[in-house]
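One structure is given here, and the rest of the page talks about it.
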Amino acid sequence: MKKRPSWHEYFMFIAKIVSTRSTCNSRPTGAVIVKDNHILATGYNGSMPGAPHCIDQPDINGKPFCFRRSLGVPDIDKYNFCKASHAEANAIAQAAKYGISINGSTLYSTLAPCYVCLKLIASAGIVAVYYEHEYESKSPERDKFWRNAVKEARLKTFEKLTISKETYDYILSDITDVTSRRRWEATEFLGK
């Protein structure tokens, strides 16, 4: 018997699909904002609308192009030189653009939000965050500061979420085949 994914796994899987639209060569990330099990907005990291995307630029020395790295800007100043807006920020901006209230909502992201996005999340009234991957900073000071910022954001939930193998198997088995293939033969109408 097949078991449907939980709501949490369902929305995280959708965030992973959203991440495939990312134009960032460094960390393709996707985010989904949900309230009452309904999607309010999605976002992925990428350049401003109409601006060149790093994914469209030629590789440098065998590595994918990154605007910030092409300038030699160190990680400490990356937010001032990265062309991409983060997935969480883009999801919040999409909700604002279309007049959708996200107060009291939940955010699912494929990456734990950075400090800048964490401030936006708290300011927008998002109350829960589920993420798939840790941010993986190389700075213990930054990590300590970030953990404190998570507490200051006063989210009801801030939790790592891993999609189970069973859920991947279930979803992928259905979407790699014809998704609306009949499971039962059609029946005849027996009207009078």
Side-chain angles (χ1 to χ4, degrees), residues 4-56 64 66-68 78-79 82-136 146 149-150 153 155-164 167-176 179-180:
R4 294 189 303 166
S6 69
W7 284 111
H8 290 309
E9 289 181 313
Y10 171 74
F11 291 123
M12 185 60 77
F13 194 86
I14 292 171
K16 290 172 76 70
I17 291 171
V18 170
S19 76
T20 67
R21 290 285 304 156
S22 172
T23 62
C24 176
N25 281 323
S26 182
R27 285 183 182 227
T29 304
V32 177
I33 300 174
V34 174
K35 189 169 184 179
D36 298 327
N37 291 334
H38 293 279
I39 296 172
L40 302 177
T42 65
Y44 52 86
N45 54 340
S47 299
M48 295 179 289
H53 297 285
C54 289
I55 201 169
D56 297 329
C66 173
F67 179 74
R68 173 186 65 88
K78 66 183 173 183
Y79 298 119
C82 179
K83 293 192 106 181
S85 294
H86 288 182
E88 305 92 332
N90 275 330
I92 291 167
Q94 284 299 307
K97 182 177 180 179
Y98 293 103
I100 300 168
S101 172
I102 57 175
N103 189 43
S105 65
T106 297
L107 182 132
Y108 294 85
S109 181
T110 58
L111 183 65
C114 70
Y115 180 58
V116 173
C117 288
L118 191 58
K119 292 186 290 185
L120 289 172
I121 288 164
S123 297
I126 293 171
V127 297
V129 172
Y130 293 91
Y131 61 92
E132 183 181 39
H133 295 289
E134 300 287 345
Y135 198 81
E136 301 168 346
W146 181 79
V150 169
L155 299 166
K156 289 181 182 176
T157 305
F158 190 83
E159 188 176 305
K160 185 173 181 172
L161 174 66
T162 303
I163 299 173
S164 71
T167 295
Y168 276 119
D169 291 345
Y170 175 82
I171 293 172
L172 294 174
S173 71
D174 277 357
I175 64 174
T176 54
T179 55
S180 297

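Not measured: the values here are computed from a predicted model.
Side-chain contact between Pro113 and His86 is absent, with no heavy atoms from C-beta onward closer than 4.5 Å. Proximity of Ser109 to Thr29: side-chain heavy atoms (C-beta onward) are separated by under 4.5 Å at one or more points. Val32 is not listed as a side-chain neighbour of Phe13, based on a closest heavy-atom distance of 4.5 Å or more. Side-chain contact check for Tyr130 versus Thr106: some heavy-atom pair is nearer than 4.5 Å.
Here CD1 of Ile126 is found 4.0 Å from CD1 of Ile92. Values are rounded to the nearest 0.5 Å. With rounding to the nearest 0.5 Å, the separation of NE2 in His8 from CD in Glu159 is 7.0 Å. A distance of 12.5 Å separates CE of Met12 from CD1 of Ile17, quoted to the nearest 0.5 Å. Once rounded to the nearest 0.5 Å, the distance linking OG of Ser123 with CG of Leu118 reads 9.5 Å. Between atom NZ of residue Lys83 and atom CE of residue Met48 there is a gap of 7.0 Å, rounded to the nearest 0.5 Å. Between the CG atom of Leu155 and the CG atom of Leu107 there is a distance of 9.5 Å, given to the nearest 0.5 Å.
Scanning both residues, Ala89 and Cys117, for their nearest heavy atoms gives N-SG, 4.1 Å. Nearest heavy-atom pair across Ala95 and Ile102 is CB-CG2, 3.6 Å. Closest approach of Cys114 to Tyr135, counting heavy atoms only: CB-CE1, 4.0 Å. Glu9 and Thr162 get closest at one heavy-atom pair: OE2-O, 4.0 Å. For the pair Glu88 and Leu111, the tightest heavy-atom approach, listed with the atom from each and the gap, is OE2-O, 3.5 Å. Contact detail for Arg4 and Tyr170: the closest heavy-atom pair is CG-OH, 3.7 Å.
In terms of modelled atom types and a separation under 3.5 Å, the side chain of Ser19 and the main chain of Lys16 share a donor-acceptor contact. Here the side chain of Lys35 pairs a donor or acceptor atom with the backbone of Asn103 at under 3.5 angstrom. Judged purely by atom type and a 3.5 angstrom limit, Ser26 has no side-chain atom pairing as donor or acceptor with the backbone of Cys24.
Using bins of under 30°, 30° to 60° and over 60° for the plane-to-plane angle, the ring pair Phe11/Trp7 lands in the parallel bin.
By the 6.0 Å contact criterion, OH on Tyr10 is open, its count of non-hydrogen atoms from other residues, nucleotides or ligands being 12 or less.
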Can you list the steps and then say if Tyr44 with Thr110 is a side-chain contact (heavy atoms from CB on, under 4.5 Å)?
-> CA-CA 10 Å; Tyr44 52 86; Thr110 58; over 6 Å; no
Could you give me the CA-CA distance, side-chain angles and deciding distance for Asn45 and Ser22, then say whether side-chain contact (heavy atoms from CB on, under 4.5 Å) is met?
-> CA-CA 5 Å; Asn45 54 340; Ser22 172; 2.6 Å; yes
Check step by step if side-chain contact (heavy atoms from CB on, under 4.5 Å) holds for Asp56 and Thr23.
-> CA-CA 8 Å; Asp56 297 329; Thr23 62; 5.8 Å; no
With side-chain contact (heavy atoms from CB on, under 4.5 Å) as the test, would you mind laying out the steps for Arg21 and Thr42 before giving the verdict?
-> CA-CA 11 Å; Arg21 290 285 304 156; Thr42 65; over 6 Å; no
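Between the side chains of Thr167 and Ser164, a donor-acceptor pair is found at a separation under 3.5 Å.
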